[in-house]
Amino acid sequence: MTATRVRFAPSPTGYFHVGSARSALFNWFVARQADDGVFLLRIEDTDADRNREEWVDGIVEAMEWLGLHADEGPFRQSDNAPAHQAAIDQLFAGGYLYFCDCTGDAVQSRKGDNKTPGYDGFCRDRGLERSATTGIRFKTPLEGGTTVRDLIRGDVEFSHSVIDDFIIAKSSGAVLFALANVVDDRNDRITHVIRGEEHLPNTPKQILLWEALNAVTGVATPTPVYAHLPLLVNEQRKKLSKRKDPVATEQYRDEGYLPEAFVNYLALLGWSPRGDEEKVPVAQLIAEFRLEDVSHSPAFFDVKKLQHLNGEYIREMPLEQFIAHSMPWVSPDPAAWSPSALSLPWRPEQFDYERYATIAPLVQERISLMSEIAPMIDFLFLPEPPMDAEAFAKSVAKDETARVILRELAAELSTTSWDRDTLHACVVGVGERHEWNLRKTQAPVRCAVTGKLVGPPLFESMELLGRDETIRRIVDAAERAS
RNA sequence: GGUCCCAUCGUCUAGUGGCCUAGGACACCACCCUCUCAAGGUGGAUGCACGGGUUCGAAUCCCGUUGGGACUGCCA
């Protein structure tokens with residue numbers, strides 16, 4: 001019984017695509033639930049002009065954030081060039097390959113309106129020698145077919161008559177994905193290839209290559225088990241596009257999604273845990289996950305549901321943990337990680353940790369993203385509350401009674417004791433004199449003190465702000481409205 | 001165009017021939033709670049794409065239709 005060995009093999013493109021994250025996660029599940037399972041990371045960087053080394057760091061970083069640690073790697077496919085070249089030599093010796101100098105235009109004009117897709121096999125028997133203009137093609141068998149055994153979809157049959165003699169190496173000598181991927185998977189003794197559905201049409205070609213390699217090397221490595229995951233799509237039911245859709249995992253991290261919530265949500269895309277509960281800890285996801293149970297149809301990446309789940313994860317955190325985890329979004333340590341493009345309403349020295357820790361429990365139950373914290377409590381740290389003009393007009397300026405209430409309240413506040421219950425009673429009392437209920441009375445007060453009509457509970461906020469500043473803001477608001 | 005994949009509420013899904021007058025979750029609506037906003041609670045609306053079979057019985061099996069998608073690169 002050979003140990004399970006899976007790999008995640010992204011090509012670096014600048015950020016960590018959520019679809020890649022989902023593929024990585026499902027591979028990781030399979031590795032983690034097997035005894036001695038290995039999760040291997042291989043960066044497929046054979047397309048030299050589209051790769052940069054810092055992209056690799058980005059992938060590793062994002063994976064670590066999600067808790068997907070590679071047992072082996074990251075390897076660079078480019079480091080395996082000698083093995084790829086050796087494979088080409090052996091396949092040539094075995095008669096599986098040929099040189100081809102056809103240009104795309106030439107092929108096109110020969111084919112005319114012939115509907116068979118792909119290359120027409122023109123150079124197959126020309127016996128060309130290698131030159132600066134020759135790529136290398138694989139001689140796909142003319143007869144028969146190849147069956148892909150897919151754990152998710154069952155057997156999928158491809159007739160060889162519709163598989164063209166595909167290119168495995170460019171005229172520059174660079175080896176292409178089709179071959180490099182297979183050579184590396186063989187060398188890495190990969191047992192399960194788990195990847196996106198868009199690779200399904202590649203698979204028969206890769207099986208053909210794999211078997212040819214077995215024949216030619218005398219090393220009969222069993223072909224891996226395949227599992228092609230359903231695509232992640234947008235509202236238009238199209239494959240997630242990097243241009244139009246928010247697909248960068250890093251962006252979700254920066255907005256304040258928790259890795260646990262993100263992993264949990266990703267697992268729900270194309271699969272579901274037993275029972276009715278969808279919020280499931282990662283250990284249970286690993287235990288219950290089965291490739292055979294993955295759904296066949298594309299899944300829409302629903303940010304709303306992700307956000308809801310994130311809120312649940314935030315609310316269940318112990319308070320100390322919540323405060324600690326939220327620091328990068330309220331008072332980032334210059335020496336530590338902080339969300340990119342973060343723009344805090346206050347300057348670092350204006351932030352007051354004690355004050356934040358006091359309001360934190362009230363914030364925790366009101367947010368679903370860490371990035372929502374700062375705008376909710378900016379009034380506690382700024383000398384003036386950022387005033388929402390519309391809210392001010394509606395709650396303070398529009399009604400003379402509101403201003404009267406503010407003035408009376410300010411007067412009363414100067415002598416009352418300073419705790420939330422007294423403040424509460426005080427506001428109720430002033431309102432009653434004008435036949436305003438609390439719901440109505442609190443609006444101008446809230447606006448004067450916090451600058452907004454929504455936010456954390458008012459009386460706790462006032463208590464925290466302190467008597468002098470609270471009165472000052474209330475008087476000031478009444479003045480400005482007159 | 002060709003090859004392949006797919007088809008249960010708006011969305012993610014449960015469902016593998018009788019437990020289904022189709023369950024859960026997000027979103028939505030109403031009500032309750034309530035100092036605002038959330039959270040929470042209760043209730044509601046909404047779905048097996050269509051047409052044929054097979055069967056005593058079909059969301060579940062078969063065929064077809066329609067619709068959607070992927071691939072069709074000297075990208076991965």
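Because the structure is predicted, anything quoted here is derived from the model rather than measured. Below, each value reflects all heavy atoms present in this structure, side chains not excepted, and no hydrogens, waters or symmetry copies. Per chain, numbering begins at 1; letters A, B, ... match sequence-line order.
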What's touching nucleotides 35-37 of chain B from the protein side, N or O pairs under 3.5 Å?
residue : atom : partner : partner atom : Å
B/C35   : O2'  : A/Q442  : OE1          : 3.1
B/C35   : O2'  : A/Q442  : NE2          : 3.2
B/C35   : O2   : A/R446  : NH2          : 2.9
B/C35   : N3   : A/L458  : N            : 3.3
B/C35   : N4   : A/E460  : OE1          : 3.4
B/U36   : OP1  : A/R439  : NH1          : 2.4
B/U36   : O4'  : A/Q442  : OE1          : 3.4
B/U36   : O4'  : A/Q442  : NE2          : 3.1
B/U36   : O2'  : A/L453  : O            : 2.7
B/U36   : N1   : A/R446  : NH2          : 3.2
B/U36   : O2   : A/R446  : NH1          : 3.4
B/U36   : O2   : A/G455  : N            : 2.8
B/U36   : O2   : A/G455  : O            : 3.1
B/U36   : N3   : A/R446  : NH2          : 3.3
B/U36   : N3   : A/G455  : O            : 2.6
B/U36   : O4   : A/R366  : NH2          : 3.1
B/U36   : O4   : A/P457  : N            : 3.3
B/C37   : O2   : A/R366  : NE           : 2.9
B/C37   : N3   : A/R366  : NE           : 2.9
B/C37   : N3   : A/R366  : NH2          : 3.1
B/C37   : N4   : A/R366  : NH2          : 3.1

Can you check nucleotides 8-13 of chain B for protein contacts, nitrogen or oxygen pairs under 3.5 Å, and list what you find?
residue : atom : partner : partner atom : Å
B/C12   : OP1  : A/R237  : NH1          : 2.9
B/C12   : OP1  : A/R237  : NH2          : 3.1
B/C12   : OP1  : A/F300  : N            : 3.1
B/C12   : O2'  : A/L268  : O            : 2.9
B/C12   : O2   : A/K305  : NZ           : 3.3
B/U13   : OP1  : A/G270  : N            : 2.7
B/U13   : O2'  : A/S272  : OG           : 3.2

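Candidate nucleotides B/A76, B/G24, B/G69 were compared by shortest atom distance to the side chain of A/D276, and B/G24 ranks first. The side chain of A/E44 lies closest to B/A76 when the candidates are B/C71, B/C4, B/A76. When the nucleotides B/G69, B/A27, B/C5 are ranked by their closest atom to the side chain of A/V156, B/C5 comes out on top. Proximity note for A/K239 (side chain, C-beta onward) versus B/C26, B/A76, B/C71: the nearest is B/C71. Of the candidates B/A38, B/C75, B/A76, B/A76 carries the atom nearest the A/T46 side chain, counting heavy atoms from C-beta on.
Counting only N and O atoms by type, the side chains of A/T401 and A/D399 include a donor and acceptor under 3.5 Å apart. If you check the side chains of A/R186 and A/T223, you find no donor sitting under 3.5 Å from an acceptor. A side-chain N or O of A/S368 and one of A/Q307 form a donor-acceptor pair less than 3.5 Å apart. A/H160 and A/T146 form a side-chain donor-acceptor contact under 3.5 Å, judged by distance and modelled atom types alone. When only modelled atom types and interatomic distance are considered, A/T203 and A/H228 share a side-chain donor-acceptor pair under 3.5 Å.
Looking at which nucleotide of RNA chain B each of A/E157 and A/P10 is closest to, the 5′-most match is held by A/E157.
Judged as a side-chain hydrogen bond (donor to acceptor under 3.5 Å, both in side chains), and not counting sequence neighbours, the contacts of A/N181 are A/R7, A/E44, A/Q206.
Comparing B/G44 with B/C4, their P atoms are spaced 47 Å from each other, to the whole Å. Distance noted for atom C1' between B/C48 and B/U16: 15 Å (whole Å). Here the separation of B/A59 from B/U13, taken at their C1' atoms, is 14 Å to the nearest Å. Comparing the C1' positions of B/G53 and B/C12 gives a spacing of 32 Å, expressed to the nearest Å.
A/T133 comes within contact range of at least one nucleobase, with a heavy-atom separation under 4.0 Å. In this structure, A/E235 reaches neither bases nor backbone, as no heavy-atom distance under 4.0 Å exists between it and the strands shown. Counting non-hydrogen atoms under 4.0 angstrom, A/H228 reaches nothing in the nucleic acid. Residue A/E365 is classed as a base contact, given a heavy-atom separation below 4.0 Å to a base. Counting non-hydrogen atoms under 4.0 angstrom, A/K440 reaches nothing in the nucleic acid. A/C447 comes within contact range of no nucleotide atom at all, as no heavy-atom separation falls under 4.0 Å.
A salt bridge is absent between A/E384 and A/R473: the closest approach of a Lys/Arg side-chain nitrogen to an acidic carboxylate oxygen does not fall below 4.0 angstrom. Using a 4.0 Å cut-off between a side-chain N of Lys or Arg and a carboxylate O of Asp or Glu, A/D120 and A/R110 qualify as a salt bridge.
Across residues 307-318 of chain A, A/H308, A/R315 each have a non-hydrogen atom less than 4.0 Å from an atom of RNA chain B (numbered order).
Regarding contacts with the backbone of B/C75, a side-chain N or O of A/K170 is found under 4.0 angstrom from either OP1 or OP2. Proximity of A/H296 to the phosphate of B/C5: no side-chain N or O atom is located under 4.0 Å from OP1 or OP2.
Rounding to whole angstrom units, CG of residue A/N181 and P of B/C75 are separated by 15 Å. Atom-to-atom, CG of A/L200 to C1' of B/G2 comes out at 16 Å; the value is rounded to the nearest Å.
For A/Y252 and A/F301, the distance between ring centers is under 6.0 angstrom.
Judged by the 6.0 Å and 45° rule, A/K279 forms a cation-pi pair with A/Y313.
Annotation: salt bridge (Lys or Arg N to Asp or Glu O under 4.0 Å) contacts involving residues 360-378 of chain A, sequence neighbours excluded, comprise A/D378-A/K452. Applying the salt bridge (Lys or Arg N to Asp or Glu O under 4.0 Å) definition to pairs two or more places apart or across chains, those involving residues 122-135 of chain A are A/D101-A/R126, A/R124-A/D165.
With hydrogens and angles ignored, the 3.5 Å screen pairs no side-chain donor or acceptor of A/S20 with any backbone N or O of A/F16.
Taking only distance into account, the side chain of A/N202 meets the base of B/A76 through a donor-acceptor pair shorter than 3.5 Å.
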